[in-house]
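Here's the structure we're looking at; comments come further down.
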Number of protein chains: 2
Amino acid sequence: MLSERQMMILRAVVRDFTNTGVPVGSKALAKQLPIHVSSATIRNEMAALEEQGLIKKTHSSSGRIPSVEGYRYYVDHLVKPDPLRPNDIDVIQSSLGGDFHKIDEIISQSATILSNLTSYTAFTLKPELKDSRLSGFRLVPLGKRQIMAILVTDSGDVENQTFDVAGDVDGEQLEAVVRLINDQLVGLTLPEVLRKLQADIPVKIGQYLQSPQGFLDIFGDVLTRAAQERFYVGGRLNLLNFSQDSDVDSLKSLYSLIDKTDDIASVLGQPSDKISVRIGNEMTNDALQNFSLITATYDVDQHGQGMIAILGPTRMPYSRMLGIVGAFREELAKKLLDYYRFYDE
Amino acid sequence: MLSERQMMILRAVVRDFTNTGVPVGSKALAKQLPIHVSSATIRNEMAALEEQGLIKKTHSSSGRIPSVEGYRYYVDHLVKPDPLRPNDIDVIQSSLGGDFHKIDEIISQSATILSNLTSYTAFTLKPELKDSRLSGFRLVPLGKRQIMAILVTDSGDVENQTFDVAGDVDGEQLEAVVRLINDQLVGLTLPEVLRKLQADIPVKIGQYLQSPQGFLDIFGDVLTRAAQERFYVGGRLNLLNFSQDSDVDSLKSLYSLIDKTDDIASVLGQPSDKISVRIGNEMTNDALQNFSLITATYDVDQHGQGMIAILGPTRMPYSRMLGIVGAFREELAKKLLDYYRFYDE
DNA sequence: TTTAGCACTCAAACTAATCAAGTGCTAAGA
DNA sequence: TCTTAGCACTTGATTAGTTTGAGTGCTAAA
């Protein structure tokens with residue numbers, strides 16, 4: 001249990017340290033705090049806070065910095081999200097105001113906006129229904145020897161891939177394959193389709209194509225891409241700003257993590273209604289020990305739930321960041337609702 | 001004019017320095033050189049080389065390092081490309097040996113291989129005909145309100161983009177627009193198409209669509225993408241290894257340069273038959289002052305000419321790198337010829 | 001419970017001393 | 001004329017020692 005005064009001190013330590021990056025000493029605090037006490041008193045209180053593991057020293061005679069637990073307490077109990085700055089509002093309005101022709105443009109643009117506002121790295125995921133289902137498959141012949149495979153899901157995701165075929169393209173064969181897939185697989189969830197693709201489908205396709213393997217490769221490829229959550233990243237380069245003493249290796253593993261599409265879901269974690277903050281070692285990933293991750297979901301009614309996130313140093317100004325993330329999720333949801341309303345109704 | 005002995009010394013200085021990164025002194029050279037002279041003699045020769053601007057000191061009593069002019073002389077007159085190591089050959093064979101379904105897979109894979117072999121950053125461009133022409137355009141309706149626009153050029157490039165439309169999709173309108181484009185624009189070079197797109201096409205399309213602007217945006221978009229040379233990058237993270245004293249700003253501008261699609265052509269420069277080496281300030285771009293760029297073209301007969309390149313520190317082992325680039329361009333050309341032969345004939 | 005005072009700690013900044021690698025120059029030798 | 005041994009000199013790196021300043025914990029008095 002913390003006393004009022006201890007909370008006040010903890011809050012001040014976090015605020016000061018996140019702003020300046022310098023450990024905070026008792027004298028500076030005494031001068032700054034609204035109550036009138038001496039630095040010695042502050043020292044006593046700080047010792048108590050340290051006892052509880054909320055703040056720590058960088059060396060035996062240094063000022064204090066927040067521990068991970070201290071940040072956590074601050075985020076859970078003390079922080080109040082800052083309201084947006086007028087300038088921030090302008091940025092959002094103007095970047096999100098234009099005309100868009102597809103959801104993905106809005107989502108990818110959002111990642112850029114978020115990274116600009118925060119000067120950290122931002123992630124965005126489009127609204128996604130729980131289990132999206134295969135809703136259509138096409139094979140479009142292009143030119144002489146080229147075919148484009150297109151896969152559509154019921155949540156509107158489209159994946160496509162072109163590939164070359166040897167010999168002439170037989171229109172009837174293509175049609176037969178497309179019909180087969182649409183008959184047998186449309187309506188199933190993508191994992192189900194993947195499972196069937198390993199089982200009975202190859203046999204059936206063998207009836208129409210003499211060498212189905214190539215085709216199955218392509219189809220499987222497009223399918224896995226569609227099953228993976230596509231996410232957008234903004235401001236990747238901002239990570240460079242926080243590479244303390246230029247630790248190239250950890251930077252590299254950080255970037256590999258970000259670029260590995262299949263890992264991002266596990267990093268961002270489960271959606272939850274609240275805005276979630278994970279701090280340093282609260283994330284299991286080694287590369288993220290000095291970072292904090294703020295994630296938030298946004299709802300677009302029947303179109304499902306999406307996610308936005310920002311990744312910055314543990315030592316980030318949480319009140320401002322929480323304000324930005326909170327406000328932006330609202331703006332994005334609003335924008336998407338408008339978008340769906342325009343195209344769907 | 002350099003004497004035989006001076007050449008020998010210059011060669012040794014470059015070789016030593018590129019291998020170790022440490023300025024090369026007269027004593028070490030005297031011990032290492034095949035001829036038997038004292039370090040004092042070497043010092044005299046080095047003074048002569050410095051006089052000519054080919055080598056320089058890092059401070060008044062240091063060993064010598066090559067100047068940009070020294071590297072240039074070395075590359076132009078002294079270097080002999082290393083033969084590939086057996087291990088390198090294995091890497092190429094196994095990474096390029098698999099089955100590919102499209103040119104782009106081979107080209108993108110090549111960027112990865114090159115970066116692995118060199119541990120630098122690699123670029124690859126697919127073989128490109130001089131002025132590729134529009135050879136086909138489609139609008140494929142997907143689901144309720146989604147359309148995919150597909151553009152094909154006569155060199156086999158495919159660009160596509162999906163977009164949403166408000167209101168019901170009118171199949172006849174779509175067909176009319178597609179027919180219009182195919183009638184009026186197929187066969188023209190892409191710049192010509194772009195020009196027409198600003199001029200008479202909008203009027204004509206206005207006859208079929210009540211609000212053509214959205215469509216024109218999309219079409220223009222796909223068109224510009226198709227007109228830009230698509231290139232692949234391998235080993236971008238390797239640039240981090242050479243950020244001397246973690247100069248974040250110059251790293252950032254380096255990455256922005258690499259990611260800006262429209263600038264890369266100007267960076268890579270004009271194709272030429274030879275393998276070209278550009279060193280440090282021979283490139284005008286500020287961000288590249290400490291880098292060297294090796295570019296090489298490769299020919300795939302009637303399918304045009306492509307390009308590969310590697311970007312590494314000025315202080316790179318040129319003989320090995322030239323060997324790798326030289327050998328790889330051959331391998332790649334061979335692989336592509338095989339590929340075209342399989343699919344085209 | 002608060003606070004003035006004091007002894008103590010530690011990182012950072014600065015100074016001085018030493019070392020090793022290298023240079024240019026001179027003068028003697030081939 | 002070219003080569004080379006010898007020597008004085010320069011410089012960056014490393015190490016050890018000092019000083020400074022911000023900060024701490026503890027004690028004893030208010």
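Values in this document were obtained by computation on a predicted structure and should not be read as measured data. Naming convention: chains lettered A, B, ... in sequence-line order (proteins, then strands); numbering from 1 in each chain.
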Which whole-number value in Å describes the distance from A:Ile42 CD1 to D:dA22 P?
18 Å
Using whole Å, what does the distance between atom P of nucleotide D:dG6 and atom NZ of B:Lys27 come to?
12 Å
Under 4.0 Å: is that the gap between some side-chain N or O of A:Arg64 and OP1 or OP2 of D:dG25?
yes
Taking 4.0 Å as the cut-off, does a side-chain nitrogen or oxygen of B:Ser26 come that near to OP1 or OP2 on C:dT23?
yes
note: A:Glu45, atom CD; D:dT24, atom P; distance rounded to Å ~ 14 Å
Can you work out whether B:Thr58 or B:Ser38 has the more 5'-proximal nearest nucleotide on DNA chain D?
B:Ser38
Closest to the B:Met46 side chain, choosing from D:dT11, D:dG25, C:dT23
C:dT23
Step by step, work out the salt bridge (Lys or Arg N to Asp or Glu O under 4.0 Å) result for A:Glu50 and A:Lys56.
CA-CA 6 Å; A:Glu50 184 165 16; A:Lys56 61 187 179 184; over 6 Å; no
Taking atom C1' of D:dT4 as reference, at what distance in whole Å does atom CG of B:Leu33 sit?
16 Å
Report yes if at least one side-chain N or O of A:Arg5 is closer than 4.0 Å to OP1 or OP2 of C:dT2; otherwise report no.
yes
Rounded to whole Å, CD1 of B:Ile65 lies from C1' of D:dT11 at a distance of 15 Å
Let me see the working for B:Ser272 and B:Ser276 under side chain to side chain donor-acceptor pair (under 3.5 Å), right down to the final yes or no.
CA-CA 8 Å; B:Ser272 87; B:Ser276 132; 5.7 Å; no
Give the nucleotide from the list D:dC26, D:dT3, D:dG12 with an atom nearest to the side chain of B:His59.
D:dG12
Before accepting this row, confirm whether a basic side-chain N of the pair A:Asp88/A:Arg320 lies closer than 4.0 Å to the acidic partner's carboxylate O.
yes
Minimum heavy-atom distance A:Asp273-A:Arg329, with the two atoms named
O-NH2, 2.7 Å
Short side-chain N/O contact from B:Ser60 to OP1 or OP2 of D:dT11, under 4.0 Å:
yes
Rounded distance in Å - NE2 (A:His36) to P (C:dT2)
13 Å
Checking all strands, does A:Lys57 fall into the base, sugar-phosphate, or nothing category for heavy-atom contacts under 4.0 angstrom?
sugar-phosphate
Less than 4.0 angstrom between a side-chain N/O of A:Thr41 and OP1 or OP2 of C:dT3, yes or no?
yes
Would you mind reading off the distance between A:Phe17 atom CZ and D:dG23 atom P, rounded to a whole angstrom?
14 Å
Want to settle it: does B:Val37 or A:Glu50 sit nearer the 5' end of DNA chain D, counting the closest nucleotide to each?
B:Val37
Could you tell me whether B:Asp90 and B:Arg85 make a salt bridge, using a distance below 4.0 angstrom between a side-chain N and a carboxylate O?
no
Suppose we call a contact any N or O donor and acceptor under 3.5 Å apart; does that hold for the side chain of A:Ser61 and the base of C:dT9?
yes
Send over the distance from A:Arg43 CZ to C:dT1 P, rounded to a whole Å.
18 Å
